Amino acid sequence: MAQLDCNANTVAVHWEPISNNPDSYTALAIGTDGTRVSCNTSSTSCTIENLRCGHTYSIAVTTSQTNCGIIEGSDYHIETAPCQPQSPSVQLQCSTNIATVTWDNNGADQFDRVTALNFTGDAIVCNSRNRSCEFTQLRCGESYTLSVVGFNGNCTSVPSENFGFDTAPCVPTYVVATTDCETAITTVSWDSARGASSYTVHAVNTRGNNSTCTSTDTTCSFSDLDCGQNYTLTVTAEDSSCVSLTSAPITVTTVPCPHSNLQATLDCSADSALISWMPGRGTLMYNASAEGFDVDHTADCHTSGSACNITNLHCGSRYQVSVSGEGLTCPSQSYNWIALKSGNNLISH
């Protein structure tokens with residue numbers, strides 16, 4: 001019979017005496033790695049010391065009368081106390097939040113258990129025999145403390161030193177964007193993401209042009225987006241070592257580009273004027289308006305194109321012509337205007 005002392009990592013061996021009363025006995029512990037340790041006694045018990053941790057030994061007892069060159073061992077096996085895991089480390093895959101923990105246990109063939117504990121006390125456990133463990137169910141934006149301990153059916157090792165790591169920040173959610181029609185500034189906001197120390201907003205338009213905005217708050221403003229464009233916006237959260245996955249994309253339309261090159265061609269016989277201009281990108285509908293200088297009269301026309309005809313002008317009257325446009329969310333900005341006189345030559349400004 002053999003009994004292991006987990007703390008001292010020694011084995012007390014006991015046996016029944018044999019009838020021919022030998023002078024002494026030798027208890028042998030023969031390791032699977034070939035190492036041998038023993039104790040000698042004239043009684044029927046002794047304690048074998050200096051066993052290696054985390055190994056399996058076969059136990060054999062011989063007498064002084066036994067004349068064997070080599071004793072190979074026996075079918076009686078015992079596992080020694082597990083080794084203390086050393087030098088634990090962790091590698092985190094930011095995109096998946098999968099953490100791989102590795103450690104050293106001096107080559108012991110033992111069962112090890114890794115425990116990951118977050119700040120709320122929730123524990124995740126991983127068991128391994130190959131000095132490596134993978135955690136696949138860690139929460140984003142959490143700080144975890146890890147420890148590794150070796151154990152067998154009867155003994156537990158001293159735990160490794162504790163060490164900590166942070167998982168990648170959570171994905172920002174509830175992203176919204178608004179455009180100020182007067183300043184052409186687009187402001188993006190979102191809900192705070194756990195574990196984030198900063199955020200980056202990525203804006204990409206249909207032409208492939210991109211712009212970024214970085215903030216430590218949950219809002220960021222763009223003042224340099226191209227006019228008249230649809231932009232796809234996404235937000236990522238960052239900490240000191242990881243970037244989160246991107247948020248669900250949203251689309252925002254910037255203010256329309258201003259139209260230009262306003263012209264008018266007066267049809268004197270019909271008291272009408274054909275108004276034309278160079279369209280601005282992003283404008284969906286235009287309104288051309290003629291407002292009388294010396295007469296209380298206004299006429300206009302509407303189009304989605306780049307020209308329309310204003311009719312029913314009062315003869316002999318001077319008009320100021322202007323064109324305004326409407327985009328998806330904002331009006332276009334244009335300060336072009338011309339003056340004309342119905343029934344006379346065109347005067348341009």
Side-chain angles (χ1 to χ4, degrees), residues 176-189 201 203-211 213 219-233 250-349:
V176 295
T178 57
T179 297
D180 188 312
C181 297
E182 293 185 2
T183 63
I185 293 176
T186 297
T187 300
V188 187
S189 61
V201 186
V204 181
N205 66 16
T206 51
R207 294 181 167 186
N209 299 330
N210 63 78
S211 185
C213 179
T219 184
C220 211
S221 296
F222 291 92
S223 60
D224 60 346
L225 299 184
D226 294 340
C227 61
Q229 287 284 319
N230 290 328
Y231 276 86
T232 299
L233 302 176
I250 65 169
T251 301
V252 67
T253 302
T254 56
V255 296
C257 298
H259 47 278
S260 60
N261 195 26
L262 179 60
Q263 296 183 10
T265 302
L266 186 63
D267 185 342
C268 298
S269 62
D271 284 328
S272 66
L274 178 64
I275 313 301
S276 62
W277 55 89
M278 183 69 68
R281 189 176 58 243
T283 302
L284 305 178
M285 182 63 66
Y286 290 96
N287 179 64
S289 176
E291 186 176 355
F293 274 116
D294 50 6
V295 62
D296 184 16
H297 179 239
T298 301
D300 56 18
C301 61
H302 309 277
T303 181
S304 60
S306 59
C308 66
N309 200 42
I310 298 178
T311 61
N312 299 320
L313 298 177
H314 290 185
C315 62
S317 298
R318 297 177 63 244
Y319 287 88
Q320 175 178 292
V321 177
S322 62
V323 176
S324 62
E326 286 290 336
L328 184 63
T329 57
C330 289
S332 65
Q333 297 182 359
S334 177
Y335 303 100
N336 295 325
W337 60 274
I338 62 173
L340 60 85
K341 185 176 182 180
S342 178
N344 209 333
N345 293 331
L346 175 68
I347 305 172
S348 299
H349 295 270

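Fair warning: this is a prediction, and the values are worked out from it, not measured in the lab. Values below: all heavy atoms of this structure, side chains included; hydrogens, waters and symmetry mates excluded.
For the atom pair CD (E326) and OG1 (T329), the distance works out to 9.5 Å, reported to the nearest 0.5 Å. Separation of atoms CG (D226) and CG (N205) is listed at 5.5 Å; rounding is to 0.5 Å. In this structure, N287 CG and H302 NE2 are separated by 4.5 Å, a value rounded to the nearest 0.5 Å. Between N209 atom CG and Y231 atom OH the span is 6.0 Å, to the nearest 0.5 Å.
The closest side-chain heavy-atom distance from T187 to S189 is not below 4.5 Å. V176 places none of its side-chain heavy atoms less than 4.5 Å from the side chain of V188. You'll find the side chain of C308 reaches within 4.5 Å of the side chain of W277, heavy atoms only. Using a 4.5 Å cut-off on side-chain heavy atoms (C-beta onward), P331 and C181 make contact. For the pair D267/L274, no side-chain contact is recorded, criterion being any heavy-atom separation below 4.5 Å from C-beta on. With contacts defined as side-chain heavy-atom distances shorter than 4.5 Å, the pair L262/I275 qualifies.
Residues L313 and A299 approach most closely at CD2-CB, 4.4 Å, considering heavy atoms. For A203 against L225, the heavy-atom pair with the smallest separation is CB-CD2, 4.1 Å. For the pair P279 and S306, the tightest heavy-atom approach, listed with the atom from each and the gap, is CG-CB, 3.5 Å. Here the closest heavy-atom approach between residue M285 and residue T303 is recorded as SD-O, 3.0 Å. Closest non-hydrogen pair, C257 versus T283, comes out as O-OG1, 3.8 Å.
Checking S289 against S322 by side-chain atom types alone, no donor-acceptor pair falls below 3.5 Å. Looking at Q229 and T206, their side chains do bring a donor and an acceptor atom within 3.5 Å of each other. There is no side-chain donor-acceptor pair under 3.5 Å between T311 and N309.
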- Between F293 and Q320, is a side chain to side chain contact (heavy atoms under 4.5 Å, CB included) present by the stated rule, with each step listed? CA-CA 7 Å; F293 274 116; Q320 175 178 292; 3.6 Å; yes

- Criterion side chain to side chain contact (heavy atoms under 4.5 Å, CB included) on T179 and I185, from CA distance to verdict: CA-CA 6 Å; T179 297; I185 293 176; over 6 Å; no

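Applying the ring pair (Phe, Tyr, Trp, His ring centres under 6.0 Å) test to H297 and every residue at least two apart in sequence or in another chain returns H314, Y319. Residues that satisfy the side-chain hydrogen bond (donor to acceptor under 3.5 Å, both in side chains) test with N230, not counting sequence neighbours, are T253. A search for side-chain contact (heavy atoms from CB on, under 4.5 Å) contacts involving D296 returns nothing, not counting sequence neighbours.
Between H259 and Y286, the distance from one ring center to the other falls under 6.0 angstrom.
Judged by distance alone, with hydrogens and angles left aside, the side-chain atoms of R318 form no donor-acceptor pair with the main-chain N or O of D294 at under 3.5 Å. Under the 3.5 Å distance criterion, the side-chain polar atoms of S332 are left unmatched by any main-chain donor or acceptor of P258.
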